[in-house]
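Working notes for the structure below.
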Amino acid sequence: MSNFSTTENNQDVYVFALDCDDDGGSVVMLINTESEFLKTADKFPQYSYMYGERGLYGPCGYKYDVSSFKFRKHLFFEEYYNLMIECDVPADKQVFYRKQFNKLIVNVIQKIKPFNLLKKTETFVSYYTLHDVDCISTISLMRKTITDQEFKRTFRI
């Protein structure tokens, strides 16, 4: 994030997200800006046609879909991977380790707040999600780091 903050792209940042794989310990740090979002306007009709306004601007809409974010950095936690993949960890221990991994990610976001290095929009949000989860799960995870006030202001629901 500090590298990004020194670039000319650090303008109108509306989202910071961590897309996590709690099976293997990879995290993708993602940032998007209003200008980069608008550069993808050619995709807007298909999202709004299929899902209406929420398809573009809702919590699971295109604007907040981590796959559409321009700026990304891949991080990998090798020790976690080795523990979860390489070792024969019993299922109950895997559940425990996943919960701890997710708590760690929430703590990271809470520690970085208020994201002073970023030039943010008024509706800036930061959240994490797990890779390949459904919309209901995504919203549940978002609510771990987005306050009710921020959620209502940003998504207008």
>> Hydrophobic clustering (ILVMFWY, side-chain heavy atoms < 4.5 Å, transitive) - are Leu75 and Leu117 grouped together?
In response: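 Not linked; separate clusters.
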> Are Val95 and Leu104 joined in one hydrophobic group, where the rule is that I, L, V, M, F, W and Y side chains link up if heavy atoms are under 4.5 Å apart?
Replying inline: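 As far as the 4.5 Å side-chain criterion goes, Leu104 and Val95 are not connected within one cluster.
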> So with a 6.0 Å cut-off around NZ of Lys113, is the heavy-atom count from everything else above 12?
Replying inline: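 For Lys113, atom NZ is crowded (more than 12 foreign heavy atoms under 6.0 Å).
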> For Leu38, does the CG atom sit with more than 12 other heavy atoms under 6.0 Å from it, leaving out its own atoms?
Replying inline: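 More than 12 within 6.0 Å, yes.
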Using 0.5 Å steps for rounding, measure from the [atom1] atom of [X] to the [atom2] atom of [Y].
X	Y	atom1	atom2	answer
Leu18	Ile112	CG	CD1	6.5 Å
Lys152	Thr147	NZ	OG1	9.5 Å
Lys144	Gln110	NZ	CD	11.5 Å

Between [X] and [Y], what is the shortest heavy-atom contact and its length?
X	Y	result
Ile105	Val27	CD1-CG2, 4.0 Å
Tyr62	Ser68	O-OG, 3.0 Å
Met1	Ile31	CG-CD1, 4.4 Å
Arg143	Asp148	NH1-OD1, 2.9 Å
Arg72	Val28	CB-CG1, 3.9 Å
Ser5	Asn10	O-ND2, 3.0 Å

>> Quick check: Tyr80 with Tyr97 (ring centres under 6.0 Å apart)?
In response: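 Here the rings of Tyr80 and Tyr97 have centres that are no less than 6.0 Å from each other.
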>> Determine whether the aromatic ring centres of residues Tyr14 and Tyr64 are separated by less than 6.0 angstrom.
In response: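 Yes, close enough.
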Within a strict 4.5 Å, meaning less than it, do heavy atoms of the [X] and [Y] side chains meet?
X	Y	result
Met84	Phe101	no
Thr33	Lys70	no
Met142	Thr129	no
His131	Asp19	yes

>> Applying salt bridge (Lys or Arg N to Asp or Glu O under 4.0 Å) to Glu34 and Lys120, what does each step give before you reach the verdict?
In response: CA-CA 10 Å; Glu34 290 290 346; Lys120 306 173 296 247; over 6 Å; no
>> One pair to check against salt bridge (Lys or Arg N to Asp or Glu O under 4.0 Å): Arg98 and Asp23. What are the steps and the verdict?
In response: CA-CA 7 Å; Arg98 281 191 181 96; Asp23 287 328; 2.4 Å; yes
>> Check the orientation of Tyr127 and Phe69. Use parallel for under 30°, tilted for 30 to 60°, and perpendicular for over 60°.
In response: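 Ring orientation of Tyr127 relative to Phe69: perpendicular.
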> Do the rings of Tyr57 and Phe37 sit parallel, tilted or perpendicular, given the 30° and 60° boundaries?
Replying inline: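 Rings of Tyr57 and Phe37: perpendicular, over 60°.
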> Among side-chain atoms of Ser137 and Asp134, is any donor-acceptor pair under 3.5 angstrom?
Replying inline: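 A pair is found: one side chain offers a donor N or O, the other an acceptor, under 3.5 Å apart.
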>> Before you tell me yes or no, could you show the steps for Phe71 and Glu36 under side-chain contact (heavy atoms from CB on, under 4.5 Å), namely the whole-Å CA-CA distance, both residues' side-chain angles and the distance that decides it to 0.1 Å?
In response: CA-CA 9 Å; Phe71 306 101; Glu36 289 300 326; 3.6 Å; yes
> Which of these passes side chain to side chain contact (heavy atoms under 4.5 Å, CB included) with Val15: Thr154, Val125, Val66, Leu30?
Replying inline: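 It is Val125, the one option of Thr154, Val125, Val66, Leu30 that forms the side chain to side chain contact (heavy atoms under 4.5 Å, CB included) with Val15.
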